[in-house]
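The following block contains the structure, expressed as structure tokens.
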Amino acid sequence: MKARTFEQGIHPRYNKELTAGKAFKLASQPEEVIIPLQQHIGAPAKPLVKKGDIVNLGQKIGQATGFVSADIHASVSGEVLAVEKVNGSLSVKIKNDFEDRQDESIKAKGDLKDLSAEELKDIVKEAGIVGMGGATFPTHVKVSIPEGKNVDKVILNGAECEPYLTVDHRTMVEQAEKVIYGLQALMKMVDAKEGYIGVEVNKPDAIKSMQQAIKAEDKISVVPLEVKYPQGGEKQLIKAILDQEVPSGGLPLDVGVVVNNIGTAVAITDAIQVGMPLVERTVTVTGAVKNPQNLIFRIGTPLSQLIEESGGFIGTPGKVILGGPMMGQAQSNLDLPATKGTSGILVLSKDELGAYPEAGPCIRCARCVDACPAKLLPTALVNLTKADMNLKLQDYHVLDCIECGSCTYVCPANIEILQWVKLGKENLQAELRKSE
Amino acid sequence: MGKEKIDIKLIVVLTSIMIISALVLSLVYQATTPLINEHAAQAKKEAILDVLPGAVKYEKLEKGGLELYQGLDEAGSPVGIAFQHEGNGFQGTIILMIGMDVENQKLLKVKILDQLDTPGLGARMAEEEFKGQFQGKSFSDNFVAKEDVDAIAGATISSQAVSNILKDAIATVEQAYSGGE
Amino acid sequence: MDFEIFKNAIPSMGLLGALFAGGLAYSSVKFKVEEDPRKGEIEKVLPGANCGACGYPGCASFAEAVVKEETVCDGCPVGGPDIAEQVATIMGVDAGASSKERQIAQLLCQGGKAETFNQADYQGIPKCRAANRVANSKSCEYGCLGFGDCVSVCAFGAMYMDDNGLPVIDTDKCTGCGKCVSECPRSIIALMSNTEHIVVRCKSVLKGKEVKQACEKGCIGCTLCAKKCPVDAIEMVNNLPVVDAETCVGCGACVQACPTDAILETPYETIKIEKPKEEVLVITEDCVGCTLCAQKCPVDAIAGDPGNKHELDTKACINCGQCVKVCPKDAIEYQ
Amino acid sequence: MGDLGELFGSLVMIFMTAAITNNFILSQFLGICPFLGVSKEVPTAFSMGLATTFVMTTSAVCVWAVNSLILVPLGLGYLKYVAFILVIASFVQLTEMVIKKVSPPLYKALGIFLPLITTNCAILGLALMIPMNNYNFIESTIFGLGAGAGFTLAIVLMAGMRERLEFADVPAALKGAPITLLIAGLMAMAFMGFSGL
Amino acid sequence: MSNRTQLTVSPGPHVRSKESTSNIMFNVVLALLPTTLTAIYYFGSSALMLIIACSITAVATEALFQKLRGIPVTIGDFSALVTGLLLALTLPPELPIWMAIVGSIIAIALGKQVFGGLGYNFFNPALVGRAFLLASFPVAMTTWKLIDVTSSATPLGADNPTAIALKDLFLGRVGGSLGETSAVAIILGGLYLLYKGYIDWRVPAGYLGTVAVLTTFVGKGGPIFHLLAGGLMLGAFFMATDMVTTPVTKKGRWIFGIGCGILLVIIRVYGGLPEGVLYSILLMNMFVPIIDKYTLPRAFGEVKING
Amino acid sequence: MLTLWKDFVKGLWKENPVFVMLLGMCPTLAVTNTATNGLAMGLATSFVLLGSGIVNSLVKRLIPDEVRIPSFIVIIATFVTIVDYSAKAYVPAIAESLKLFIPLIVVNCLILGRSESFASKQPVHRTIADALGMGVGFTWALTFLGIIREVIGFGTVFRGTSLAIQVMGEWFQPWLIMVLPAGAFLTLGTVLGVMNYFKNRAASVKVDLQDSTGESCHTV
């Protein structure tokens, strides 16, 4: 079967061999966790605890405010040290007593067959599950299908096209049953008839493992995908698997699809089978660290500790990136905690980075045009943004940019295309708001 | 505003300006026309004598509806006829004065009276190097630039245009002669 | 002279003239389009910067709005009273109560290169709004990023970046159009009336210790200013003083009091006030180690184990006197 | 049929010559002012081009009429500048008034350019070339259309380039008119490729 | 305060491809090597002199202009060298050196730097230089030195095109500009660039294809002659593909290539000039902004919702 | 008197119609292939400018708005016709080389522009000063461009007249492009660019001066 894919895109070096063969390891628990009350897209949660409170593992410490928001739970048991702003975001600091006293609310929710779609959605909402691929969109919102929309397919995103990262890969190899269970739960929630799991063909063991797991299933199929970035982009994935284009400005819902990450499916499984809310997740710690590996950590563990856990830096660290090298974010402060959205910690050494290349003039080579998976004209977008012609950006569909960074990756003139485009998007949106 | 009356002043002013202008220009025209005509006639005479080597005077000649000029040498014997002909050049009309020897079926000399072609290129048609080559050219020649006519470098079109006008002129004159006689 | 020529020329030209003049005259009546002549006049008067500060897409649209009486004559913040008056004259009304009071942009940060440091290297487009989207590279997460976005949007040349990496606002040229205010991603430029005398030039809501680590001139929330204010015009909100312009008399006591120079007095140039540090606080032997002072200290200058005598780091101390107030044993005094 | 074909051929020739080979702007220097002025944006330039084409075509017709119905029969060739310019100026002004009243959207799109066109030498140049070339009624119309098309082509191309120029790092001294003229020079150089068509 | 910088923060992506502007330009120079060597082989020292003069002048002019403007000198990106070299390859071998120098100065100054330098020019700088020379010194620019052929002009100017052996055209044993003669050397370089992905196949394909199709029906000599003769190969592979002066969209590149082809055939067959590669490309260069503007690719998912 | 002098002088440099105001571009580009043409065109334009300026200034009050442009332009056309016929009668050679561009003086934006912006508002004597200044400014600008183009394009100055000078030696190979349309655009563009360059430099020097002395160096 030929690997399916979308049009355009790029082929960066994947560097997944660093950790692809390494099974998950439990990271040691930190002395103190810092749990931000906003680890998701949407409104921050409202704190339910105050300084001095004693909390249990899995206890809800933050209440979602509004629909697009997610609950926050304690990832260790212990005493609340403070509820204060850390790096601009209100957080709960808990001193770990290492007892792992489970909260009484944690209990198995029953069999999937017996649970209704509504009950399942409530379980997801109560467990504070968000998109684990890094986008951290609250999952219960995603599975709440608005009136009039009909969803018949659920896609699990196992493409993992970000270089370096291997968490989804390992999850599929090690926890195939949980993945399938989660997918079935998702299908039940949205009343979908078909389920797909898209996996890039560079993970043959994952494909094999998943195929093994769906043997008894006729509604679910595993789709091998071409190795190309950004294959895991929601819209690109749908295009590859179903050959359908999500309309500009629309959502996967508009073509009857819900896309979720492999990790999300596993988190749902845990929430149903064990009743444990989202208090730990998996992360690939890789790059210039002595022992690159895949870890399972408690949410709120400081980044520095996870790096220490992996043997510490090799040489002088240049960049520490949360997520992958394409869409991840460089950090300036390693005391900050890893959160629900932290799928990777990538260390790039100073030597690897080299000197920062000065941006030259655009030579109109059109590499960005040929790479853009959204088929935009990045070079024109940069020019228009620079010239402050914000409304014109609309004619060039700037809002369809998925911010994958392919344009910047290929630019021979080293122009920060993506950063300009993001600015342009911001400008246009501001302009549109003004004219409303 | 409602209905407004048409302003008669408008009409009066513009009409009188036109009338005054017409008056002034008529005077200027009258004053200058003789001079202009004289220049033109002078130029024409020079041109005719120029293209008919040996001629000292000329007389007008009507043939088949064409206006031709018969050149006469000092002895009063005809040396050829001059014919003014025009055609499209590279940029605009080219007007030629052509001297020809109808008896011997060949061209005598060509003068460019007017042309608008590219200065430095097509405009070099007025140079002897180019127009000189037509001297003695037979009526039956092809008049194709770069073949039997040496084109001006970089201005093949202008060269061809002149050749075409010449060819056309020959045909016209021959027609007149054959029809007239 | 041949008069024959006139016989054709004059009548025909006259006729042609009459014909077209008639046509024009006819159409000028028949196809007349009503347009308020005042619109054009107003447009001529306006500055023509098309800056949009008035809320209309450009000067022409503003003029149209004025004529249609959708907006007021002094709606052009750039033109100021002069232009407002001229517009009003065209419109035939008074300019209204446009007094000499006007809005001026003020920079609410003093964290330049000298006062702060970079906790990380920023590599990317040298624009504040771009840099603000990646992880914070400057020591103070509330402070000026220093790339001068505000300067680049100022249509009136009223701003420039100084050597310390901070924008400087030329208050004479500033028209209060507010472009820089909306451009600043860290909201450290604000429009203020030129009648406000006291400006708190810090936006950091962090606690004193953290501010101290990040910036030499940040507000540490010590509340000295509020205490020293003779008219109680200063209130502390979110670790920052808020000056009530109505009550403030502009005496400058708070400016004198501020240990970090975070409050400054206008008019507009940075006034350096030498702060005499005549006295030093010390903890006497009476201290019983109740930790109250250490808890209160905004800059964490007091340390010690519970039950034991505490020590005061005179270098870190800012003489705010909070500890003196809170000490149950009166064990802290000025020396 | 042959005659018709030949007629058609000669009309195409007139059109192409006016539009391309003897492009009004790039080889005859007629209409430079609007070419430099109204070429900042493609849509505006295109509107200007359309408006000019309209005026050129209608002027060509009017001028042909005035010339061959009044001036030539009466022997008043020397009055042609005065007569032509009067006709053009009044006609344009009339058109402007009418459009303004009848179709405000059209006025917004094209009408605002009309006053600019009155004093556009391209129009008078065109008018003077008609008697010079002895064009008949149809030829005059086609000539006007061709000249207008050529004008539109040149101004739209220029506008396209100037739009992109907004993003370029043009030396300060060359900004504005100088760089526009230099581009026009390069365009004229490229148009030389059409010479002799 | 002290500088306590440790980590670097930057927007993503944090990894980049190895490509750089100078890299690309250097590869273009490499690709021109076979053509350059052929030129020197056929035309000897005069060709070598022209190539050296043009290259040095181009680079020097660029440096001087940037110095005058007080902006960083960027001759290290090889783009000026490419322009100089390409210009030299379009010149007749016997051209006086001073004319070549003038052309090279014009190419860089007028063709490139007045617009702000690399990336901003509309017209291919080398062609601007050549067009300027051709307009200024038409005679010198159209006088060809002969190798061992008897024709007095380029093949396209020849009286009887079919008389020239296609094999000679292919190998370059004909009169013509330095780099125009040997189709095989040009194709070699062109294929290298195509292989490396530095040029888009659509432009040469559109250009050559259109010429081939049209000359099957019009003009003398037939398609193969027209493809091999004159500067078409050089133009199609090295001039029309110049990134800066061609459209960025795929559709636009088709239009560009086909447009060049149509114009070339019009000029060669109906026009007053023997060769039209230069003008066909310059003319299409003017259209590039417009083409780009109106050939926006359909953005992903750009459909009428409910449509 | 001072006003008049100012009206006159401004056209020479500060408000030069060609180099500063960019008026009358068509003849500027079209007829400057030789110095003679430039000079002749300049003189012809100056005459029309002066004549129509005077008349327009005199009759301005009589003309209603609706027919202002047609009337002005007809007056201008009248003067142009006078020039045209006089030139044909007295200097036929020059008339020949300027051809179409004499009638096009009618639509030279310089003339209508001055009529509209100056003559229609100012009294006659000031209009005369203005027209003379503008005329001289226009003439020298055209002649200057003509000289540049002719020297490079032909190697001569004032060719075809009794003043003709061969500027360049035998060795010189004329750059034909200079006398072609492209050359006209390129020359004017370059001249304007060079002028701006020096103007900008002068301006920046001025600013420096102001900065250092702290006061304006305006003396006029």
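Throughout, a chain's letter reflects where its sequence line sits, starting with A, and its residues are numbered from 1. Since we're looking at a predicted model, the values are computed, not measured. Basis for what follows: all heavy atoms, side chains included, without hydrogens, waters or symmetry-related copies.
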- Message: Using the rule side chain to side chain contact (heavy atoms under 4.5 Å, CB included), only one of Leu157(D), Leu186(D), Leu165(D) pairs with Phe122(E); which is it?
- Response: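 Among Leu157(D), Leu186(D), Leu165(D), the one meeting side chain to side chain contact (heavy atoms under 4.5 Å, CB included) with Phe122(E) is Leu165(D).
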- Query: So what's closer than 4.5 Å to chain E heavy atoms on Leu174(D): side chain, backbone, both or neither?
  - Reply: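 Just the side chain, heavy atoms under 4.5 Å.
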- Message: What part of Ile179(D) gets within 4.5 angstrom of chain E, counting heavy atoms only: side chain, backbone, both, or neither?
- Response: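 The answer is the side chain of Ile179(D).
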- Message: Looking at Lys67(E), I'd like to know if its NZ atom is crowded, meaning that more than 12 non-hydrogen atoms belonging to other residues, nucleotides or ligands lie closer than 6.0 Å.
- Response: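 Count not over threshold, so no.
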- Quick one: which of Leu283(E), Leu278(E), Asp292(E), Leu127(E) has the most heavy-atom pairs under 4.5 Å with chain D, could you say?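 Heavy-atom pairs under 4.5 Å are most numerous for Leu283(E).
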- Query: Under a 4.5 Å cut-off applied to non-hydrogen side-chain atoms, are Phe115(E) and Asp169(D) in contact?
  - Reply: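 The answer is no; the side chains never approach within 4.5 Å.
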- Query: Do the side chains of Phe287(E) and Val156(D) get nearer than 4.5 Å, heavy atoms only?
  - Reply: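 With C-beta onward as the side chain, the pair stays apart.
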- Among the listed options Ile290(E), Leu282(E), Asn121(E), Val114(E), the residue most often paired with chain D at heavy-atom distances under 4.5 Å: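 When all of Ile290(E), Leu282(E), Asn121(E), Val114(E) are compared, Val114(E) has the most.
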- Message: Just so I understand: if I count every heavy-atom pair under 4.5 Å between each of Gly160(D), Pro171(D), Ala159(D), Ala168(D) and chain E, which residue has the most?
- Response: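 If we count pairs closer than 4.5 Å to chain E, Pro171(D) comes out on top.
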- Query: Under 4.5 Å between any side-chain heavy atoms of Val42(D) and Tyr294(E), yes or no?
  - Reply: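 Side-chain contact under 4.5 Å: yes.
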- Message: Looking only at heavy atoms and a cut-off of under 4.5 Å, which of Leu110(E), Ile281(E), Leu68(E) has the most pairs with chain D?
- Response: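 Looking at each of Leu110(E), Ile281(E), Leu68(E) in turn, Leu110(E) comes out on top.
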- Quick one: are Tyr279(E) and Met189(D) in side-chain contact, heavy atoms under 4.5 Å?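 Sidechains of Met189(D) and Tyr279(E): no contact.
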- Message: Return the CD to NZ distance between Glu163(D) and Lys293(E), rounded to the nearest 0.5 Å.
- Response: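 So the CD of Glu163(D) and the NZ of Lys293(E) are separated by 3.5 Å.
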- Query: Does the side chain of Arg164(D) reach to within under 4.5 Å of the side chain of Val288(E), using non-hydrogen atoms?
  - Reply: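 Of all side-chain heavy-atom pairs linking Val288(E) with Arg164(D), at least one is under 4.5 Å.
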- Item | chain D contact via Phe123(E) - which portion, at a heavy-atom distance below 4.5 Å |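 The side chain, not the backbone.
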- Task: Identify which part of Leu263(E) has an atom lying under 4.5 Å from any heavy atom of chain D, answering side chain, backbone, both or neither.
- Result: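 For Leu263(E), the side chain is the part near chain D, not the backbone.
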- Considering only heavy atoms, which portion of Phe167(D) lies under 4.5 Å from any heavy atom of chain E: side chain, backbone, both, or neither?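 Phe167(D) touches chain E through backbone heavy atoms alone.
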- Task: Sort Asn285(E) into side chain, backbone, both or neither according to what part of it lies under 4.5 angstrom from a heavy atom of chain D.
- Result: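 Answer is neither: Asn285(E) stays 4.5 Å or more from chain D.
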